Amino acid sequence: MGITCEKGDVLNTLRLCGAIDIASAEELKAALLETLKPGVEVRIDVREATYFDVTVIQLLWAAAQEARLRGVRFGYAEEFPATLQSALREAGFESLTQPAKLDSSAGETP
């Protein structure tokens with residue numbers, strides 16, 4: 001499991017690798033809040049993620065909502081892996097399974 005963050009002047013990328021669950025929820029929440037800065041685009045990279053529990057799904061959804069409120073562009077670097085898509089749909093977060101390309105207008109959530 002792993003959560004890494006690359007911060008830049010215009011883009012912050014948060015990478016989620018392996019199984020991310022409630023044990024890493026506090027770390028993920030802190031990383032998400034740290035990346036949500038005005039004027040900086042946030043991109044979540046889930047290509048190497050293998051498992052999310054409902055806690056992680058809720059945190060990602062909440063981060064997208066917070067980004068919208070702060071006027072921060074927020075999206076996913078790629079589509080969610082197929083192994084995660086069914087879990088997201090079953091948990092009622094089907095909107096997260098979309099490719100979630102970043103929109104050019106600030107505050108738009110995928």
Side-chain angles (χ1 to χ4, degrees):
M1 124 179 111
I3 300 169
T4 59
C5 184
E6 287 181 20
K7 291 194 245 173
D9 293 334
V10 295
L11 175 65
N12 288 335
T13 302
L14 188 63
R15 287 188 175 77
L16 307 179
C17 302
I20 310 293
D21 58 21
I22 195 164
S24 52
E26 188 175 325
E27 178 185 0
L28 177 58
K29 181 179 178 180
L32 286 165
L33 289 172
E34 189 176 319
T35 63
L36 292 173
K37 303 292 181 197
V40 179
E41 183 176 301
V42 176
R43 201 171 288 169
I44 310 295
D45 185 342
V46 295
R47 291 177 292 182
E48 295 182 34
T50 58
Y51 171 80
F52 290 161
D53 70 4
V54 71
T55 306
V56 173
I57 295 167
Q58 291 171 333
L59 283 171
L60 291 173
W61 181 85
Q65 301 311 306
E66 185 64 24
R68 183 177 49 80
L69 292 173
R70 293 184 184 194
V72 173
R73 290 179 60 208
F74 181 96
Y76 297 91
E78 299 288 333
E79 285 187 38
F80 279 81
T83 56
L84 298 176
Q85 288 185 21
S86 63
L88 290 167
R89 279 191 289 276
E90 289 173 18
F93 291 89
E94 187 162 1
S95 64
L96 288 179
T97 67
Q98 304 307 312
K101 301 296 183 203
L102 287 163
D103 191 300
S104 61
S105 38
E108 291 288 322
T109 51

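All values below were derived from every heavy atom in this structure, side-chain atoms included, with hydrogens, water molecules and symmetry-related copies excluded. Note that the coordinates shown come from a computational prediction; the quantities given were computed from them, not determined experimentally.
Hydrophobic clustering (ILVMFWY, side-chain heavy atoms < 4.5 Å, transitive): V56 and W61 are in one cluster. Linking ILVMFWY residues whenever their side-chain heavy atoms come closer than 4.5 Å, directly or via other members, leaves L14 and V40 in distinct clusters.
Across all their heavy atoms, P81 and R47 have their closest contact at CG-O, 3.8 Å. Across L84 and F52, no two heavy atoms sit closer than the pair CD2-N, 3.6 Å. The shortest non-hydrogen separation linking L60 to F74 is O-CZ, 4.2 Å. Minimum heavy-atom separation, T35 to V42: O-CG2, 3.2 Å. Here the closest non-hydrogen pair linking L36 and A67 is CD2-CB, 3.7 Å.
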Given side-chain contact (heavy atoms from CB on, under 4.5 Å), test L28 with L16 step by step and report yes or no. CA-CA 9 Å; L28 177 58; L16 307 179; 3.7 Å; yes
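Within the 4.5 Å cutoff, no side-chain heavy atoms of I20 are placed close to those of V46.
The number of heavy-atom neighbours closer than 6.0 Å to CG of L33, taken from other residues, nucleotides and ligands shown, is above 12.
E26 CD to L59 CG: the interatomic distance, rounded to the nearest 0.5 Å, is 11.0 Å. The CD1 atom of I22 sits 4.0 Å away from the OG1 atom of T55 when rounded to the nearest 0.5 Å.
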